[in-house]
Structure formats: structure tokens, C-alpha cells
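Computation of the quantities below employed the complete heavy-atom set of this structure, encompassing side-chain atoms and omitting hydrogens, waters and symmetry-equivalent molecules. Since the model is a prediction, treat every value here as computed from it, not as a measurement. Quick note on labels: first sequence line is chain A, next is B, and so on, each numbered from 1.
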Protein chains: 2
Amino acid sequence: MYLYALLNYMFSQSEENYLKAIFHLQQNANGGISTSSISEKLTTKAASVTEMIKKLAEKNLVDYQKYYGVQLTETGRKHALLIIRKHRLWEFFLVKRLNFNWDEVHDVAEQLEHIKSPKLVEELDIFLGRPEYDPHGDPIPDANGNLPKAPKKRLSGLKKGDHAICKGFNDNSSSFLQFLDKQNIGLNTKIEVIGIESFDETMTILVNSNTILLSKTATDNIYVEH
Amino acid sequence: MYLYALLNYMFSQSEENYLKAIFHLQQNANGGISTSSISEKLTTKAASVTEMIKKLAEKNLVDYQKYYGVQLTETGRKHALLIIRKHRLWEFFLVKRLNFNWDEVHDVAEQLEHIKSPKLVEELDIFLGRPEYDPHGDPIPDANGNLPKAPKKRLSGLKKGDHAICKGFNDNSSSFLQFLDKQNIGLNTKIEVIGIESFDETMTILVNSNTILLSKTATDNIYVEH
DNA sequence: ATAAATTATTAGGCAAACCTAATAATTTAT
DNA sequence: ATAAATTATTAGGTTTGCCTAATAATTTAT
Ligand SMILES: [Mn+2]
Ligand SMILES: [Mn+2]
Ligand SMILES: [Mn+2]
Ligand SMILES: [Mn+2]
């Protein structure tokens, strides 16, 4: 597709990182994305964000209204999804083919997602068997930017006696992923809720016949299918 | 290895491209590498080269004597070899795993060679079965920067009646590689010299029972084992 | 040996992507 | 409704890596 090829060579790494950040911020927000939230996500200063936002608006990747934040245009959204597609395909590759652990792949994928080659993305996708989810359970957009949107439910929403399967995480940080490793919780792990403390919502669950305690913070960050 | 890890995160893409260019220029030259040759190889202006060279000298990657060109230091050479290792491993990956043709991989490898992750290089190498040669017949340096140095002989040096096996090319440009494809000449192709025109050294060779004519320019650019 | 031609360096600028400090607009509190 | 606090923008720098034009050193030709 011609548009795709064009899109693919047009933007700098920095611009791509802004698009991705705005896309992710839009997932849990309605209305314009604030300068400060972008600045926090990218650990840059607000002044730099304003500057970049103007450039992105110039290129029709975002709609920008001074003092009222930005929103991705359709073009901006498509390109953000392409970067996310590449990020997640590479993470899958690293874990499933190169023996990386799931807590080691993010930083490398942050680099690989900027490699510009439409053929590479397509062939990698084929090579990997067109995976639908990355190693953290996050959906991989297809070549047209379509996301298999499975509505996610938090483990913290379950009740005593409920059975569930772990399907993803809100927090993909190495430290949380390593914690999950220690508790033997991974993608598609079967879980049973044994009990919930009334005073702080600490949850007792059963994982592979082991009893484990999880804080409310932890259970909030675990998505399940129920 | 600590030195390796340090090296691996220290240099910009631009600096790495200079190191690689200088390394390749040193292969066919003795003494200092001239500013103009680097400028030509990287298609930048001489003034930019002088500037960058000073920075590389500052970082002890090259020895630089004003007006007499540069030479890589041991550290510079090690790092150049790491970039070349990555470049060639990725080319191998693209051709052998992702169905790229050998004339399509160079530009993508130019991007991939700058990805910074020692683990990625090592795991990729293992995944690919520790290949010794890239798809163009160029040797892949090992993790310590050692190159399997097979002395290369030009096809143009052979005589009527000689048999040989194609082992590499001096020119890795898409156009030359595509020309070779058309003539059914690839790595390890068996060749027999049928005759050589005395006036322009055009060579008649036998490839898979087909008779082919190759210009002196072409036979100069084909390396053989004999 | 000197002049001409070639090659390299320096000087001075520019664009991208950051920054800090100063100012302006909006939002929240009184 | 006004003042205070918060958030965003603008103004003015910095660094990296590139450029052109001017100058300097080296090499080649006479
Ligand atoms: Mn990630
Ligand atoms: Mn992920
Ligand atoms: Mn190459
Ligand atoms: Mn190659």
C-alpha cells in the first residue's frame, strides 16, 4: 500500500516516540492529552513537548489546540499503531525465538520498533506465525492497524471462589514482571481466588496448587479472563 | 565482558558509521586514511569528516595526525568489528530466516547494526547457528572480533580450463547482485573457464551447463576458490 | 625551487531535539 | 469575582552533526 510506504519513512525516532506516547495516553483518557502527561511519559520537559507538538500538528499527525492538549489524527493513529505493531512483534521474536525473558525485551524493542522497512515487518510477522499477542499479553495490531480488542477485567474485581486465567498486565515494568516470575504467574496461568482480606483487599489465590498473597496494587495490575 | 558492554553503549550511530567506513578503507590501504576517502564513502563533506575525526581521536578510537589522515586504534577496530558483526548477522537472518533476497538486505542491516544490546547479538548468533559467512560471502567476525581470513582470489586471475567455486564479491551493490542472479551465479556456484578474449579479457564461463560471458569488470569483482 | 593544483582544516551557519527561566493562560480556592 | 496555584507557552541557550566559503598545508608539475 502506497500510503503505508510513505508513512514508514517520514518520521524521526523522536517523532515516533511522541506519537506512541500520545496513543498510549489516549487509551485511558478522553479529550485532549496534556503537555505535562506527555512530558512525564517521555521524561522530557514540558517546553520540549510543546515544541514537538507544534511540529506534529504541522505534519497533520495531531490536532492541537493551544492550552487544551493534543489528539492523534487518523494518520497519526495509524502510524502510532505501526510502531506498536513493530514493538510487539519484536518482543515476541526476542522471547519466543531468542530466549529472552519477558522482563528483558522492552528496551531492545524500543530500539527495534524504529527500524524502517515494510518488508521486514511483514516477513517478521509471517516468520513468527502472525502472533496476536506479545509476551506480556498485549495485542499486536495487524498490518492495517486493527487491534484484537479483548475487554480486560482486573483480578481485583473477582470474588472469593472465582476461577480465572491470567491474560495480561497493566504494569509491564521489569520489577513487576520479575515479581510475577517469582510467584509463578505468567500469561494463561490458571488462578483461583481463595479469599480477600476486608481491610486492605489483599487477595489469597491458588496458583499451581500453591497459595499466594497479592496486594491490591498487584491484583489491580493483573488482567484476567473469567 | 565489561569492556564489551561499555563499548557497546558509548557511541552514536554517526560515530559508528565513521568507524566502519574507516575500517573498510583500511582493508585496501596502508597508512592513514584520508579525509576525502571517508567523505566519499559516507557521502558527507570533507569539513564534516575533519570535525568528526577530531571527536573520534578525542575518544581514542582513532589516531589522527592533521593533514595525514586517521587510523583506527585497537579500541576503534574492536568496535568497528562489532558493528560489522551485527551487520552481517542481521543480513544472514534476513536472507536465511525472513526470505529476503541477497540484494535487499544491505539497507535494512545498515539500520539494524546500530541496535545496542549485547545479549541480542549473542542470542541472534546462537539462533542462526553461529554462521561464519554472510549471504554475500563476507566473513562474520566472532564475539572477540576475530575474522576467519580466507585469502580471496579474483575470477579474472584464472586461466582457460580452470575450475573454481564462487566465494564472494568485491561489489555488493544491488545492481551487481541482481546481475549475478540473472546469470545464475551465487555463493558456492561451480564455474569453469571456457575461454578469455585477448583484446578485452571478456571471459566465457560455464555455469550449470550454461555458457555465460562476463566482462573484465565483472570477473574482477568475483572472488573464487580454486 | 617555485608555482599551480589538490587536499585538509578552520570559521561561521543551520536544523533537530533537547534544556532553563520568564511569561501567559487556565483552573482551583477563597 | 478575585487571588492563588497550576499548567502551558515563549524566549533564548546548548549539543550533535551536518553544510558552505575561506584559508592553510601538502603534493604535483614546471
Ligand atoms: Mn514493551
Ligand atoms: Mn509488551
Ligand atoms: Mn551489507
Ligand atoms: Mn554483506
Hey, what are the protein-to-nucleotides 18-22 of chain D N/O distances that come in under 3.5 Å?
{"unit_1": "D:dC18", "atom_1": "OP1", "unit_2": "B:Ser14", "atom_2": "OG", "d": "3.1"}
{"unit_1": "D:dC18", "atom_1": "OP2", "unit_2": "B:Ser14", "atom_2": "OG", "d": "3.3"}
{"unit_1": "D:dC18", "atom_1": "N4", "unit_2": "B:Glu51", "atom_2": "OE1", "d": "3.0"}
{"unit_1": "D:dC18", "atom_1": "N4", "unit_2": "B:Glu51", "atom_2": "OE2", "d": "2.8"}
{"unit_1": "D:dC19", "atom_1": "OP2", "unit_2": "B:Lys45", "atom_2": "N", "d": "2.9"}
{"unit_1": "D:dC19", "atom_1": "OP2", "unit_2": "B:Ser48", "atom_2": "OG", "d": "2.6"}

To the nearest Å, how far apart are [X] [atom1] and [N] [atom2]?
| X | N | atom1 | atom2 | answer |
| --- | --- | --- | --- | --- |
| A:Glu40 | D:dT7 | CD | P | 11 Å |
| B:Met10 | D:dT16 | CE | P | 15 Å |
| B:Gln65 | C:dT9 | CD | C1' | 14 Å |
| B:Ile38 | C:dA8 | CD1 | C1' | 12 Å |
| A:Leu42 | C:dC19 | CG | P | 10 Å |

- From the list A:Lys20, A:Lys86, A:Arg85, salt bridge (charged side-chain N to carboxylate O under 4.0 Å, His left out) with A:Glu113 holds only for A:Lys20

- Message: Under 4.0 Å, heavy atoms only, any strand: does A:Thr35 hit a base, just the sugar-phosphate, or nothing?
- Response: sugar-phosphate

- For B:Arg88 and B:Pro139, the nearest pair of non-hydrogen atoms, with its separation, is NH1-O, 2.6 Å

- Taking all non-hydrogen atoms of both residues into account, name the closest pair between A:Ser117 and B:Phe100 and its distance. OG-CZ, 4.3 Å

- Note on the structure: Closest to the side chain of A:Thr50, out of D:dA8, C:dT9, C:dT7, is D:dA8

- Query: Would you call the rings of A:Phe93 and B:Trp90 parallel, tilted or perpendicular, where under 30° means parallel and over 60° means perpendicular?
  - Reply: tilted

- Message: Could you work out, with salt bridge (Lys or Arg N to Asp or Glu O under 4.0 Å) as the rule, every residue matching A:Lys96, not counting sequence neighbours?
- Response: none

- Item | Paired and unpaired positions of DNA chain D as dot-bracket, Watson-Crick or G-U wobble under 3.5 Å, | denoting a partner strand | ||||||||||||||||||||||||||||||

- Counting only side-chain N and O atoms of A:Ser34, is one of them less than 4.0 Å from OP1 or OP2 of D:dT7? no

- Task: Determine whether the aromatic ring centres of A:Phe92 and A:Trp102 lie less than 6.0 Å apart.
- Result: no

- Query: Within a strict 4.5 Å, meaning less than it, do heavy atoms of the B:Leu89 and B:Pro131 side chains meet?
  - Reply: yes

Would you list the protein and nucleotides 25-27 of chain D atom pairs, both N or O, that sit under 3.5 Å from each other?
{"unit_1": "D:dA25", "atom_1": "O4'", "unit_2": "B:Tyr67", "atom_2": "OH", "d": "3.3"}

- Query: What residues form a ring pair (Phe, Tyr, Trp, His ring centres under 6.0 Å) with A:His106, not counting sequence neighbours?
  - Reply: A:His87

- Item | Selection: residues 21-33 of chain B, any non-hydrogen atom under 4.0 Å of DNA chain D | none

- Message: More than 12 heavy atoms of other residues, nucleotides or ligands under 6.0 Å from CD of A:Glu40: yes or no?
- Response: no

